[in-house]
Amino acid sequence: MLDLAYIREHPEEIKQAAAKKRLDVDVDRLLALDVERRTLIKEVEALRAKKNAASDRIAKLVGEEKARAIAEMREASAREKELAATLKEVEAELERLLLLVPSPPAPDVPEGDESANVVIRTWGTPREFDFPLRDHVELAELLDLIDIPRGVKVAGTRFYYLKNEGALLHWAVCRFALDHLVRKGFTPIYVPVLVKREAMVGTGYFPGGEEQAYKIPEDDLFLVGTAEVSLCAYHADEILAEDELPRHYVGYSSCFRREAGTYGKDTRGIYRIHQFDKVEQVVICRNDVEESIREQDFIQENAEEIVRALGLPHRVVVVATAEMGQGQVKKYDIETWMPGRGGYGETHSCSRFYDFQARRLNLRYRTKEGEIKFCHTLNNTAIASPRILIAILENYQQADGSVVVPEVLRPYLGGMEVIRPKR
RNA sequence: GGAGAGAUGGCUGAGCGGUCGAAAGCGCCCGCCUCGAAAGCGGGUAGGCGCAUGACGCGCCUCUCGGGUUCGAAUCCCGAUCUCUCCGCCA
């Protein structure tokens, strides 16, 4: 959500932002409602002021005089009630529109769709294989690490079981990423994966993303698609102290995504699935553009450290405007090399929001001078598994189908160096 | 899941339908005192919205939330939510 006063003063910028992000927002309608709202507020408040004054008088009056004053106020009160009801309607529609207004992308974000993404860094060189390459599905089958057919039998399409070293590897990468960030001073948090609508709206997933979220109607709860939701909402409706910022949180959660509208896309293997685990970085910092940029660079570097430590070739892209979320100001993706795809696949996503989420969440802080401001929020993946296992299995495979365990993960697998076929 | 109790400012806790945005205490901040500190004394200490913005400011709303009664509600009525206690169940 943006500051209404800012929208009022920069309508063209907002319209352009919507165009760049390929979003449809009726800015003119919003501005008209804004005017209407303030007009109504003035009228209602004038009536209330009059009423309040009369009310004080009535308390002291007696007899005839009192009866007459009461009769007058009855009318004023009725009129006020009418206006207040209209005001409420106007505010409801204004709020509805306000929730759709996008953040303008940063000036250095390329304009356009996915094809306009800009690769800013590449690390590592994809291996040349001197034997027939297996993709992760074949490797997992050979090594008995993933059971997709039974996942489908029990839970449906895009579900799976991880087993044996597959399961261990899954927990190993998560724990490795977690440990890495805790070492860097992040506060580890295990979070709710079912949240109220407010948390989904507060982080900007609703309205608009309802069809991507699993819903529990009986309790009016939603399964989160990322721990970002639970972590950002953690301090909702709070006023933090400036000297306790920035806050660095690393959350761990299962993530659930309906993947509606992706029928036939990425159907092989465990690339696109309904349930996975993710270690997520969330930063809450001061309302300062420079600080936000620094923090984004920081959490981006953290993610790259993790992928580098795993020895996986990857590249970093700046995501173009049309591929950005409504609230995002700038987004980096890490795409990791997946030999089976013969290309890079998205494994990490790092977003800067300024105060877009904080406004929706009513997440604020008090400056040393006593001023109250909205915080800035940022988030980035640390590791998402099992998708990252695709890269690990495929990049580390050997001619006989065995897979070398990346060195940094070995301590989490009891020192295991190679995962070998079960005869 | 069943039964009961309760939700007031950062916290504790008063509050007759008008004089209550709200007593008192604690905490915190600023002064005085002191070599310094404690104690003591004095003062200050919620958020949102609208108008005005050179500054001081003025008005409206908020006593969990939503609705109702009333000229007027923290106080009365209804509903929701949450918390606590007891029972049952349970990883």
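Bear in mind the structure is a predicted one, so any value in this text is a computation, not a measurement.
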message: Once side chain to side chain donor-acceptor pair (under 3.5 Å) is applied, what residue pairs with a partner in residues 224-234 of chain A remain, sequence neighbours excluded?
response: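 Counting only pairs at least two positions apart or across chains, the side chain to side chain donor-acceptor pair (under 3.5 Å) contacts touching residues 224-234 of chain A are Y205(A)-E228(A), T226(A)-K278(A), E228(A)-Q357(A), E228(A)-N379(A).
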- prompt: Among pairs that include at least one residue of residues 97-109 of chain A, which meet side chain to side chain donor-acceptor pair (under 3.5 Å), considering only residues two or more places apart or in two chains?
  reply: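 Found D108(A)-K330(A).
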Tell me which pairs pass ring-ring contact (aromatic ring centres under 6.0 Å, His included) where either residue lies in [range], with sequence neighbours left out.
{"range": "residues 137-159 of chain A", "answer": "F159(A)-H274(A)"}
{"range": "residues 9-51 of chain A", "answer": "Y6(A)-H10(A)"}
{"range": "residues 360-385 of chain A", "answer": "Y354(A)-H376(A)"}

- prompt: Sequence neighbours excluded, which residues qualify as side chain to side chain donor-acceptor pair (under 3.5 Å) partners of N302(A)?
  reply: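 Listed in chain order: K184(A), Q281(A).
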statement: R360(A) meets the side chain to side chain donor-acceptor pair (under 3.5 Å) criterion, sequence neighbours left out, with none
Taking only nitrogen or oxygen atoms into account, show me every contact under 3.5 Å that the protein makes with nucleotides 78-84 of chain B, one pair per line with its distance.
none

task: List in chain and number order the residues that pass side-chain contact (heavy atoms from CB on, under 4.5 Å) with T262(A), two or more places apart in sequence or in another chain; answer none if no residue qualifies.
output: R158(A), E259(A), K265(A), R272(A)
- prompt: So which nucleotide does rU19(B) pair with, by the Watson-Crick or G-U wobble rule with both distances under 3.5 Å?
  reply: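 Because no pair has both required distances under 3.5 Å, rU19(B) counts as unpaired.
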message: Strictly by Watson-Crick or wobble contacts shorter than 3.5 Å, is anything paired with rA55(B), and which nucleotide is it?
response: none
query: Using atom P of each nucleotide, how far apart are rU8(B) and rU75(B) to the nearest Å?
result: 13 Å
query: Quantified in whole Å, what is the C1' atom distance between nucleotide rU62(B) and nucleotide rG21(B)?
result: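 Each nucleotide's C1' atom is 9 Å from the other's.
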- prompt: Taking RNA chain B as the partner, which of residues 359-370 of chain A come within under 4.0 angstrom of it by heavy atom?
  reply: R364(A), R366(A)
task: Answer with yes or no whether the side chains of Q300(A) and E304(A) bring together a donor and an acceptor at under 3.5 Å.
output: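 Q300(A) and E304(A) do have a side-chain donor-acceptor pair below 3.5 Å.
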- request: For rG50(B), take OP1 and OP2 only and decide whether either is under 4.0 Å from a side-chain N or O of R37(A).
  value: yes
query: In terms of side-chain geometry, is the basic nitrogen of K373(A) or D355(A) positioned less than 4.0 Å from the acidic oxygen of its partner?
result: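 Salt bridge: no.
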Under 4.0 Å protein heavy-atom contact, by nucleotide of nucleotides 61-75 of chain B - B base, S sugar-phosphate only: S----SS-S-BS---
- request: Taking salt bridge (Lys or Arg N to Asp or Glu O under 4.0 Å) as the test, write out the residues that go with R197(A), two or more places apart.
  value: none
